[in-house]
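Contents: one structure, followed by commentary.
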There are 2 protein chains.
Amino acid sequence: MSDLEQISLELEARGYRVTPSRRAVIAAILARKNHFAADELAKRCRGAGRATVFRTIRLLNDLGVVCRVLMDDGSPRYLVSRSGHHHHLVCTECGTVQDLDQCAVSGALREIADASGYEIEGHWLELYGRCAACRAKAAVSA
Amino acid sequence: MSDLEQISLELEARGYRVTPSRRAVIAAILARKNHFAADELAKRCRGAGRATVFRTIRLLNDLGVVCRVLMDDGSPRYLVSRSGHHHHLVCTECGTVQDLDQCAVSGALREIADASGYEIEGHWLELYGRCAACRAKAAVSA
DNA sequence: GGCCGAGTTGATACTAGGTCTCAACTGAGA
DNA sequence: TCTCAGTTGAGACCTAGTATCAACTCGGCC
């Protein structure tokens, strides 16, 4: 079963209609190799209007099909990603984004909660750096 | 020495002029008890235009006088805060923001760097939860 | 004092990244 | 077939800024 079909089934299972516009947006998203800006997708995606593209991205975000990444310049991007709680490693050179399996702060949260009196409900973490490939490239050219 | 004077001196030391507009923006910022939106400040601050308010906030951000906090709904706010690397604990109920002394991820970063091959250069972390006061209030009213 | 030039200002236009509105369309079920 | 909720796209609008540019300010120099 293709990813498109899988996502369509997921949408139907949640009571959403799988319309041509939504299929177009999903196909456009799946065609992207790495992250994308919502507006850029709206421009490329001839099969759906801007509002529909934004709505569909939000829908897929709720479904856990895509997730939002904040780049180091603060601009938001979207990424086809696994669902559930995870974080991202963003390469500041080539822009690739890598999922992080473990949650780097889960251990520290309890400590912080104890110290501050807060009941911590959520957190937002992005890591920025240079990926192995870019480092290797830099080492060769240096 | 008042905070306003201290910041003015800091600006002068860096070669910036301390103009009436800047003093008005700084005074308006210092008058805020908690975080504020840049646009909201621009509306309240009669002594300076919108562009100047945004420029001054950026300047103070560079100086480390204020810092940017991302609320849990994604909207940016500014906060008079200590300079240097630190994170924030945002109360999702009353909106107060508390500085976090320790960096919760510094320990985990090396591990992640080793596992991923990334050279980690920076990170962005915000924590969201309910502060002690809001929890106490909820416990009483329950 | 007058001049110069860099720094600063505010109005305004513009941009990115979205959300809201609303009339029109669609499609599943009665 | 009718109905009605879900969906759509155009376009207006919003927030959070940045860019532009002519005008202003101020310190230093003659």
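Throughout, a chain's letter reflects where its sequence line sits, starting with A, and its residues are numbered from 1. Bear in mind the structure is a predicted one, so any value in this text is a computation, not a measurement.
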Next on the checklist: Of the options C/dG5, D/dA10, D/dG6, whose atoms approach the side-chain atoms of B/Arg17 most closely?
Outcome noted: C/dG5
Next on the checklist: Under 4.0 Å, counting only non-hydrogen atoms across every strand here, what does A/Arg22 touch: a base, just sugar-phosphate, or nothing?
Outcome noted: sugar-phosphate
Checklist entry - So do the side chains of B/Val90 and B/Arg77 get within less than 4.5 Å of each other, counting heavy atoms only? => result no
Checklist entry - Rounding to a whole Å, what distance do you find between B/Phe54:CZ and C/dA13:P? => result 17 Å
Checklist entry - Under 4.0 Å: is that the gap between some side-chain N or O of B/Ser75 and OP1 or OP2 of D/dT15? => result no
Checklist entry - Starting at the 5' end of DNA chain D, which residue's closest nucleotide do you reach first, B/Pro76 or B/Pro20? => result B/Pro76
Next on the checklist: How many whole angstroms separate atom CG of A/Asp39 from atom P of C/dG18?
Outcome noted: 8 Å
Next on the checklist: So B/Thr52, base contact, sugar-phosphate only, or nothing? Heavy-atom distance under 4.0 Å.
Outcome noted: base
Next on the checklist: Any N or O donor-acceptor pair under 3.5 Å from the base of D/dG9 to the side chain of A/Arg55?
Outcome noted: yes
Checklist entry - Are A/Ser21 and D/dG9 close enough that a side-chain N or O sits under 4.0 Å from OP1 or OP2? => result yes
Item to check | Over all atoms of both residues, closest heavy-atom pair of B/Arg68 and B/His88 | outcome: O-CE1, 4.1 Å
Checklist entry - Just how far, in rounded Å, is C1' of C/dA16 from CD of A/Glu40? => result 13 Å
Checklist entry - Which is true for A/Gly74 with a 4.0 Å heavy-atom rule: it touches a base, it touches only sugar-phosphate, or it touches nothing? => result nothing
Checklist entry - Does the side chain of A/Leu70 come within less than 4.5 Å of B/Leu70's, by heavy atoms? => result yes
Item to check | Which nucleotide in D/dT8, C/dG17, D/dA16 has an atom nearest any side-chain atom of A/Thr19 | outcome: D/dT8
Checklist entry - Can you tell me if the side-chain N/O atoms of A/Tyr78 get under 4.0 Å from OP1 or OP2 in C/dG18? => result yes
Item to check | Member of B/Gln98, B/Glu126, B/His123 meeting the side-chain hydrogen bond (donor to acceptor under 3.5 Å, both in side chains) criterion with B/His87 | outcome: B/His123
Checklist entry - Which atoms form the tightest heavy-atom contact between B/Tyr16 and B/Leu59, and what is the distance? => result CZ-CD1, 3.4 Å
Item to check | Separation of atom CZ in A/Arg46 from atom P in D/dA10, rounded to whole Å | outcome: 10 Å
Checklist entry - What is the distance, rounded to the nearest whole Å, between atom CG of B/Asp73 and atom P of C/dG17? => result 18 Å
Checklist entry - Can you tell me how far C1' of D/dT8 sits from CG of A/Leu11, to the nearest Å? => result 15 Å
Checklist entry - Side-chain N or O of A/Arg50 less than 4.0 angstrom from OP1 or OP2 on D/dC13? => result no
Checklist outcome for this item: Rounded to whole Å, CZ of B/Arg14 lies from C1' of C/dG7 at a distance of 17 Å
Item to check | Whole angstrom value for the distance that separates P of D/dG17 from CG of B/Leu41 | outcome: 12 Å
